[in-house]
Amino acid sequence: MLCKGVKRKREEEEEQEPASQDWWLEEASSSPSPQAEASPAPLPPSSLFNLSIFKLHHGLRRGEPDLRHLVLVVNTLRRIQSSMALEPSAPEPPSPAPVSPLPVVPDAPMCTSVSTLLDDLSHIEGLSDTQTAFPEDAPLSRPPEPGLDPGRPAPLGSLEILLEDGLEGLFDDIDTSMYDCELWPNLKTDSGETEDKTQGPGLDVSELDYLMDVLVGTQTL
Amino acid sequence: MLKSKILVIKYYLLDAEWVDSTFFWSLNRSSPGNFTPYLALLENMEGESIYEVDSEDGVGADIISTVEFNHTGELLATGDKGGRVVIFQREPESKNEPHTQGEYNVYSTFQSHEPEFDYLKSLEIEEKINKIKWLPQQNAAHSLLSTNDKTIKLWKVTERDKRPEGYNLKDEEGKLKDLSTVTSLQVPVLKPMDLMVEVSPRRIFANGHTYHINSISVNSDCETYMSADDLRINLWHLAITDRSFNIVDIKPANMEDLTEVITASEFHPHHCNLFVYSSSKGSLRLCDMRASALCDKHSKLFEEPEDPSNRSFFSEIISSVSDVKFSHSGRFMLTRDYLTVKVWDLNMETKPIETYQVHDYLRSKLCSLYENDCIFDKFECAWNGSDSVIMTGAYNNFFRMFDRNTKRDVTLEASRESSKPRAILKPRRVCVGGKRRKDDISVDSLDFTKKILHTAWHPAENIIAIAATNNLYIFQDKVNSEMH
């Protein structure tokens, strides 16, 4: 930063550079030096992947999604996924086991560990592409975006392969007709492996909505 | 040292009633109206917050969401998250006090947009004002366009400072007189009254957009304007509200193929057939409306290849252009992406002619900025009147200015603490470790909730308006030209 009469010396700049990584290293001890490598994300790609999935679901849950935000997250997700697919070791599936804690950001509103992220994911509904939407039956649901085709799911390659095991059986007794979304439906299903956690403690959103429908009379017990 | 002028206006929301109080001190200014050099700007920027809204229900409704000077700089409009528009007017320099600098006082306040409910989609439409654009003044009235996510409105701002008195058939209160009491005829005369500013909605341009409107731009022909949402751009005639022409449509046939959205758009300041729009992938497209009705095929595509040494998962997000502005001359375009501002020459599509780093120290923190969503923040940028200085906001209530000629840059802070009365704004510095000077801010201490997204520069003078959350700061340079 320059102001009148005071010039930043070249030596100061050179001294500053090596020290600039300290902040990052302190907070994320398991992450590599961010500036040294070509892929500067200090987190393992799988954590970023989980984070992106979470953001995607969070964005889709909103009444009217922020299209720019969603598009950017999806594109980032695709980049991460292709990078994970290219890695020589087997790509780490986004399992419930915590991978590594995310760096703590002072004003980050979101949770800071992967396991907590996945707990949140398990409470997010709308994870099935086996049912079609019946908006007239569920007045509380978010209707599909006009003009979107409930078309074929966009293939995400290895992502699908990783998660298709055991997906079908999990959805047999869960009615998610209220929460269908045509926007990137395949990405929705990819966190289906956490579906087993939907029976978690307490009432969640889908149960409350189901009860509401019963009360309103659109559903019968 | 020159005395500084401070203008403070506070608005307190009390049961939906506005109460304002204005304080100002006089100042000495000896170079009225001249465009002062950038050096003066660096050294003598001073001012203070002039608009602060304290609402009972919290800060949410009152965050300033847009700031715009009109074409002469006499008026300054702000829009906020609660759908309100506040217009400030610059006081003319009076003959009695020739050194009194024109100050900005509140001229009018009105509710532009209300929250709406879309029954078809069961969605609430926010009343937040996304953009305000002034129309060039064509008569005594001022007009502006304000828009939220879905609806654009044309407002007419008129003054009334006289009223007719002495009607024959009506009395003072407007009640009809008993005709038997009327014995003679009189001609009503105009008598002066307290200035009343009236704002009325003249046009409502609704139902033109499926997606969220991110920008509006008035054409130089003063008859048409365009509005852009994430996937489409519409051309409207200012007098016609029931139809608009779609001039850009990037919606794919299959929404699953969607990879890019429109982020900003603007008409060329002189050529009424040219406009530019930016995308989330960092490209700019210049379109010519004479070429075809639907301008999906661009005339020029401005795109800089990705720097392989800086490649990361977040490359695309940080390349997303959040604002695009033509220079006043019409020769250049200014774009803002997450870490830089770039100047583009309309004659060169391959890369920008100038790139300025706004806060490169954030490059190594992109992952955590992605986590807390700050990486998606949309900063605006602005040219000064002579296109020699560009300005943009950053975090921690910092804003940055770059002089294109001298290549000097400065970081200033918009905050009450640092803007003491009669104090000159002190340049700030962010240190990234290593040697730290006094008053430096370290990167770790930056407050990412204090972001300056909206800034505006007076069209001719060195006056800038900075929106910092719910505070509006107006800074003016105070230099005495004799000091140089």
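Each chain gets a letter, A, B and so on, in the order the sequences are listed, and its residues count up from 1.
Distance check, rounded to the nearest 0.5 Å: CG of L48(A) to SG of C367(B) gives 4.5 Å. Atom OG of residue S280(B) and atom CG of residue L70(A) lie 11.5 Å apart, to the nearest 0.5 angstrom. Going from atom CZ of F376(B) over to atom NZ of K55(A) covers 5.5 Å, rounded to the nearest 0.5 Å.
When atom types are taken as modelled, the side chain of N75(A) and the backbone of E316(B) share no donor-acceptor pair closer than 3.5 angstrom.
Inspection of the T76(A) and Y370(B) side chains reveals no N or O donor paired with an N or O acceptor under 3.5 Å.
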Show your reasoning for whether side-chain contact (heavy atoms from CB on, under 4.5 Å) applies to D66(A) and Y211(B).
CA-CA 9 Å; D66(A) 179 352; Y211(B) 305 100; over 6 Å; no

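Within the 4.5 angstrom heavy-atom criterion, no atom of I125(B) approaches chain A. Interface remark: T259(B) contributes backbone and side-chain atoms alike to the contact with chain A (heavy atom separation under 4.5 Å).
A side chain to side chain contact (heavy atoms under 4.5 Å, CB included) with R68(A) holds for exactly one of N214(B), I262(B), T263(B); it is T263(B).
Counting heavy-atom neighbours within 6.0 Å of N207(B) CG, excluding the residue itself, gives a total of 12 or less. Heavy atoms of other residues, nucleotides or ligands lying less than 6.0 angstrom from OH of Y119(B) number 12 at most.
Applying the ring-ring contact (aromatic ring centres under 6.0 Å, His included) criterion to Y338(B), with sequence neighbours excluded, gives H359(B).
No side-chain heavy atom of D229(B) sits under 4.5 Å from any side-chain heavy atom of L67(A).
The existence of a salt bridge linking E306(B) and R79(A) is confirmed by a sub-4.0 Å separation between a basic side-chain nitrogen and an acidic carboxylate oxygen.
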